[in-house]
Amino acid sequence: MMRAWNVPMLLVLCGSVVATGLIFRGSPGEAAAILLVFVLLAGVNSPLIFPRSIGALEAQRRSAVDGRPVVFWRSGCKYCLRLRIRLGRSARQLHWVDIWRDPDGAAVVRAANEGNETVPTVVVAGRSHVNPDPEWVREQLSPST
């Protein structure tokens, strides 16, 4: 679980170091702006921006019932972030599995990607799609959801 927070923590740490240096040089306003940018970047790269993750087995069970796609992702992945942002509110209709928190999810992704943990991997009706276009993913949601 901690691995999901490595990138955000590193961003906050780097921002703090840069801001501290700017404060010692007599630029507190610039330091505050830089720190804010780094904190925002950390927030965007954290698991907080994604809908709540569930386990792979639960996601597959739910998908079988409601037909919604399952998205396998990990924090720090710019393609996962792109998918999440471009889906907007529709993202909450999908089942999200963080492969860094769920070993079963990581195994599903490796099985679909010749042993690689390439994300985002979206599973629709039992078929895996690696880094699909966000508009295509939105089309996979049934109109009733």
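Owing to the predicted nature of the structure, the values given are computational and were not obtained by experimental measurement.
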Student: Atom CG of Leu13 and atom CG of Asn6: how far apart are they, to the nearest 0.5 Å?
Tutor: 11.5 Å

Student: Identify all side-chain donor-acceptor contacts of residues 17-42 below 3.5 Å with residues at least two apart in sequence or on another chain.
Tutor:
{"residue": "Thr20", "atom": "OG1", "partner": "Ser16", "partner atom": "O", "Å": "2.7"}

Student: Under 3.5 Å, is there a donor-acceptor pair between the side chain of Arg138 and the main chain of Leu87?
Tutor: yes

Student: Checking His129 now: which residues fulfil ring pair (Phe, Tyr, Trp, His ring centres under 6.0 Å) with it, not counting sequence neighbours?
Tutor: Trp136

Student: When clusters are formed by joining ILVMFWY residues with side-chain heavy atoms under 4.5 Å apart, either directly or through shared neighbours, do Leu81 and Trp96 land in the same one?
Tutor: yes

Student: The criterion is side-chain contact (heavy atoms from CB on, under 4.5 Å); which residues satisfy it with Arg82, sequence neighbours excluded?
Tutor: Arg86, Asn131, Asp133, Pro134

Student: Looking at CD of Gln140 and CZ of Arg127, how far apart are the two atoms once the value is rounded to the nearest 0.5 Å?
Tutor: 10.0 Å

Student: Which heavy atom of Trp73 sits nearest a heavy atom of Ser53, and at what distance?
Tutor: NE1-OG, 3.2 Å

Student: Would you give me the side-chain donor-acceptor pairs under 3.5 Å for residues 106-119, sequence neighbours excluded?
Tutor:
{"residue": "Arg110", "atom": "NH1", "partner": "Glu117", "partner atom": "OE2", "Å": "2.6"}
{"residue": "Asn113", "atom": "ND2", "partner": "Val109", "partner atom": "O", "Å": "2.9"}
{"residue": "Asn113", "atom": "ND2", "partner": "Thr118", "partner atom": "O", "Å": "3.4"}
{"residue": "Asn113", "atom": "ND2", "partner": "Thr121", "partner atom": "OG1", "Å": "3.1"}
{"residue": "Asn116", "atom": "ND2", "partner": "Asn113", "partner atom": "O", "Å": "3.4"}

Student: Roughly how far, to the nearest 0.5 Å, is the CZ atom of Arg61 from the CD1 atom of Ile54?
Tutor: 8.5 Å

Student: With a 4.5 Å heavy-atom cut-off, do Cys14 and Leu10 have their side chains touching?
Tutor: yes

Student: Provide the closest heavy-atom pair for His95 versus Ala59 in the form atom of the first, atom of the second, distance.
Tutor: CB-CB, 4.0 Å

Student: Can a donor-acceptor pair be found, under 3.5 Å and without considering hydrogens, that links the side chain of Asp102 to the backbone of Ala56?
Tutor: yes

Student: Do Val137 and Ile85 belong to the same hydrophobic cluster, where Ile, Leu, Val, Met, Phe, Trp and Tyr are linked whenever their side-chain heavy atoms lie under 4.5 Å apart, directly or via other members?
Tutor: yes

Student: side-chain hydrogen bond (donor to acceptor under 3.5 Å, both in side chains) with Arg62: which residues, sequence neighbours excluded?
Tutor: Glu58

Student: Between atom CZ of Phe72 and atom SG of Cys80, what is the distance when rounded to the nearest 0.5 Å?
Tutor: 12.0 Å

Student: Out of curiosity, Asp104 CG to Gln60 CD, how far, rounded to the nearest 0.5 Å?
Tutor: 8.5 Å

Student: Are Val124 and Leu141 joined in one hydrophobic group, where the rule is that I, L, V, M, F, W and Y side chains link up if heavy atoms are under 4.5 Å apart?
Tutor: yes

Student: Find the distance between CD (Glu135) and OG (Ser90) and round it off to the nearest 0.5 Å.
Tutor: 8.5 Å

Student: With heavy-atom distances below 4.5 Å as the criterion, would you say the side chains of Leu94 and Val70 are in contact?
Tutor: no

Student: So which heavy atom on Val122 is nearest to which on Pro132, and how close?
Tutor: CG2-CG, 3.5 Å

Student: Check whether any side-chain heavy atom of Ser75 sits under 4.5 Å from a side-chain heavy atom of Trp100, and report yes or no.
Tutor: yes

Student: If you compare all heavy atoms of Gly88 against all heavy atoms of Arg84, which two are closest, and at what distance to 0.1 Å?
Tutor: O-NH1, 2.9 Å

